[in-house]
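The next block holds one structure in the form of structure tokens; read it before the comments.
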There are 4 protein chains.
Amino acid sequence: MTTRTRERDKREALLRAARDVLVEEGYHHAKIDEIAQRAGVAKGTYYLYFKDKRAIFAELVDGLVARIESAIVRVDERADLGAQVRHNIRATIAVLAEDPPLARIVLGPTSGLDAAFTDTVTRMHVGVVSLLSRTLRDGQSLGVVAEGDTDLLAMFAVGALKEAVLRSEELGPARREQLVTELARFLEKGFLRLR
Amino acid sequence: MTTRTRERDKREALLRAARDVLVEEGYHHAKIDEIAQRAGVAKGTYYLYFKDKRAIFAELVDGLVARIESAIVRVDERADLGAQVRHNIRATIAVLAEDPPLARIVLGPTSGLDAAFTDTVTRMHVGVVSLLSRTLRDGQSLGVVAEGDTDLLAMFAVGALKEAVLRSEELGPARREQLVTELARFLEKGFLRLR
Amino acid sequence: MTTRTRERDKREALLRAARDVLVEEGYHHAKIDEIAQRAGVAKGTYYLYFKDKRAIFAELVDGLVARIESAIVRVDERADLGAQVRHNIRATIAVLAEDPPLARIVLGPTSGLDAAFTDTVTRMHVGVVSLLSRTLRDGQSLGVVAEGDTDLLAMFAVGALKEAVLRSEELGPARREQLVTELARFLEKGFLRLR
Amino acid sequence: MTTRTRERDKREALLRAARDVLVEEGYHHAKIDEIAQRAGVAKGTYYLYFKDKRAIFAELVDGLVARIESAIVRVDERADLGAQVRHNIRATIAVLAEDPPLARIVLGPTSGLDAAFTDTVTRMHVGVVSLLSRTLRDGQSLGVVAEGDTDLLAMFAVGALKEAVLRSEELGPARREQLVTELARFLEKGFLRLR
DNA sequence: CATGAATGAGGGTTCATTCAT
DNA sequence: GATGAATGAACCCTCATTCAT
């Protein structure tokens, strides 16, 4: 069991190290050697836990995507729509705020990353946008969402959110707290006719 | 004159090829050899026109940034603010729409690119956002912009614009035309109190 | 321990190979690939032991210079000057004779070598010549050295020594033994009996 | 005739440029491009006058060697030997002093230069040394040269001369004039008066 | 003859991956 | 499991040489 724990530890140490290196150097400048060193293991050990260079970063990205997806509530149109949207904004930001540097990678367009990440990230994007779009369409028939192309509206909303998160580090921590409030207000006044 | 034309041609063929390769493979996977091949010249020829690998990509990025900057009108607060904002949205989108794949690189966060690009791109970002923020602040004192943190509002607006451009290829060309209209409307209803 | 021995071995095999290649091809024609091959390792292995191409040659040159310097006794003017000079000639030749081809590189003017070597070699030269010059000046005040410009005399002596070493391979081994004796005699007496 | 003169001019301009570049950069760092530029012609023009990179440097070296050889008088043992030796020293130094940097290349051991030069330079060396050695042997039978291995003695003499020339730039011009006198005296007398 | 744009072989260096211990 | 020495494919860049104009 100690052994099993130790194994766990090494795997996680590697993941943590990989995240740091990814954030500091970017995928291509990240060296297996440095990840291993920061994790306190030998280079060869890396390959006991991960198939190749791509694998560890894929796992980091997949993990974040999964955490976002599980934080978002499937919108129930019979309940308070505004509350649900606000909750999803808040929840998404909360997950991303746990690790802003990593968030930046997942939120950004995929240029410069390998095809493997591109796919994962793109899938998440499409998923989030189409979910939101559908929600907005439902909202329109209920009369609580303004007229307009819901795909585009969803896009705008996601873009505003992404930018906010991407730049949130540049803001002082004080302003960061306003972010959720302001964003919700912005989205509401833009296309929501809540009450 | 023929000679001069040939030179021009090769330089431009290389730039075009580099753009394609950059878009398809990302900066790090882009091989000089492939750029040269696609441009129909030998590898050595590349170095007659560009100092090193970075140079050609820097030129692509700088060029787009310059085109965007020169397309944006400095906002005159005594004139019709809404019209000016709409014009800037339209103009920016127009420039970016000339080359969406390249746009994606300039608009995205800079992960995966070399420090050289990061700087250029970041400078543009900061410039655009702070320009917009200042404009909004002026708008607030004139009473045509809603209350709120103008830095955040500027961020949201830029984010929405970026996302729109980034995803504009996924939209059919028909819907792409709606983009400007919808975005303008979205921004107006969100924080502009025009009329 | 076996491991440590292997490491040592490879490093030394590389140094030996580099010496051979340097002697046979000169610095610029020397290829890392060939050094590695002759040492029986892969090209990449070279870079485990030496930072870059220059490093291995610098080490060879530095090593020889150091061996020469530690073989030379600082001249004590109160003791037998002739004996000391003879000893220094003998000791220098002995060190250089351990590896005549390498000696040729250190003794020669520095054309064709990189600035890095030039410096080391020049420093040694200047050091040896000025040491000898000072000794001769002391010798003059003691009356055991002839009148004359001691800088020039030191130069002549070093030149004769260098040439002797450089050409010593062309001599049969038998004659090589005479070298020290003859050189000492030459320096003492000259060889022309004019008038 | 004008044309012929112009051709001559270009060839000579290239040779002059090549000498400068060779002296400043060494053979391997010398670029055809720079030679052509300094000569005020296009790169392609170089190849109208010289077969390849090696050719122009070979010509420079051959020229200097030829000038040295024609300046040396074949020693006539029936005439004043001392005078002839002094003349040869003087003449050799005079030729070399016309172009000390180039001299350095010809006098130095051949490491770092291409095989082509090595051969020329070595041939000259062997020629000079064996000529001198024969002269000394003759001198011995006439009783004007001391006992000893004449090959070695010739070597020492040439070495002293070479070193003197190689370092002559470091000396002030005043001291450079002493060089011939001192060297002749050195060869006659040696400089140690031990016992 | 003169030009200089074009070529492409060649070599130094990096780093993901393997494998014997 | 753990190690880290060894490997070699990959890629940027230089520069001697050619040749169409």
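- Not counting sequence neighbours, A/Glu69 has no partner by the salt bridge (Lys or Arg N to Asp or Glu O under 4.0 Å) test.
- Contacts of B/Ile32 with the nucleic acid, taken as non-hydrogen atoms under 4.0 Å apart, involve only primed sugar atoms and P, OP1 or OP2.
- The separation between C/Glu34 atom CD and E/dG10 atom P is 14 Å, rounded to whole Å.
- Distance CG (D/Asp33) to P (E/dT3): 13 Å, rounded to an integer number of Å.
- Candidate nucleotides F/dT7, F/dT17, E/dA16 were compared by shortest atom distance to the side chain of C/Leu48, and F/dT7 ranks first.
- Every side chain to side chain donor-acceptor pair (under 3.5 Å) that B/Glu98 has, sequence neighbours left out, goes to B/Arg67.
- The salt bridge (Lys or Arg N to Asp or Glu O under 4.0 Å) check on D/Glu25 picks up nothing, with sequence neighbours excluded.
- With the 3.5 Å cutoff on both pairing distances, Watson-Crick and G-U pairs in DNA chain E assemble into runs of at least 3 at E:2-21 with F:2-21.
- Here B/Tyr46 contributes atom OH and B/Glu34 contributes atom CD; the two are 13.0 Å apart, rounded to the nearest 0.5 Å.
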Tabulate protein N/O versus nucleotide N/O from nucleotides 8-10 of chain F, keeping only pairs under 3.5 Å, one per line.
from	atom 1	to	atom 2	distance (Å)
F/dG8	N7	C/Gly44	N	3.2

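- Contacts of D/Glu24 classified as side chain to side chain donor-acceptor pair (under 3.5 Å), with partners at least two apart in sequence or in another chain: D/Arg38.
- Separating the CD1 atom of B/Ile56 from the C1' atom of F/dC12 is a distance of 14 Å, rounded to the nearest angstrom.
- Judged as a side-chain contact (heavy atoms from CB on, under 4.5 Å), and not counting sequence neighbours, the contacts of B/Ala36 are B/Val41.
- Geometric assessment of D/Lys53 against the ring of D/Tyr27 yields a positive cation-pi assignment under the 6.0 Å and 45° thresholds.
- Among the protein residues, C/Ala36 comes within range of no part of the nucleic acid, since none of its heavy atoms lies under 4.0 Å from any strand.
- When the nearest nucleotides of DNA chain E are assigned to B/Tyr46 and C/Asp52 by heavy-atom distance, the more 5′-ward of the two goes with B/Tyr46.
- In this structure, A/Arg11 atom CZ and F/dA2 atom P are separated by 13 Å, rounded to whole Å.
- For D/Ile35 and F/dT17, the CD1 to C1' distance is 14 Å, given to the nearest whole Å.
- Side-chain proximity of B/Val41 to the nucleotides E/dT17, E/dA2, E/dT7 is greatest for E/dT7.
- For C/Tyr47, there are no ring-ring contact (aromatic ring centres under 6.0 Å, His included) partners two or more places apart in sequence or in a different chain.
- Rounded to a whole Å, the CZ atom of B/Arg54 is 15 Å from the C1' atom of F/dC13.
- One can place NE2 of D/His28 at 12 Å from P of E/dG12, the figure rounded to the nearest angstrom.
- OP1 and OP2 of F/dA2 both lie 4.0 Å or more from every side-chain N or O belonging to A/Tyr47.
- Sorted by first and then second residue, the salt bridge (Lys or Arg N to Asp or Glu O under 4.0 Å) pairs with a member in residues 13-22 of chain C read C/Arg19-C/Asp99; sequence neighbours excluded.
- Distance from the side chain of C/Lys53 is smallest for E/dT13 among the nucleotides E/dT13, F/dA16, F/dC12.
- Counting all heavy atoms, side chain and backbone alike, A/Ala30 lies closest to A/Val21 at CB-CG1, 3.5 Å.
- If you check F/dA6, E/dT17, F/dT18 against the side chain of C/Lys10, the one that comes closest is F/dA6.
- Following rounding to the nearest Å, B/His29 (NE2) and F/dC11 (P) show an atom-to-atom distance of 8 Å.
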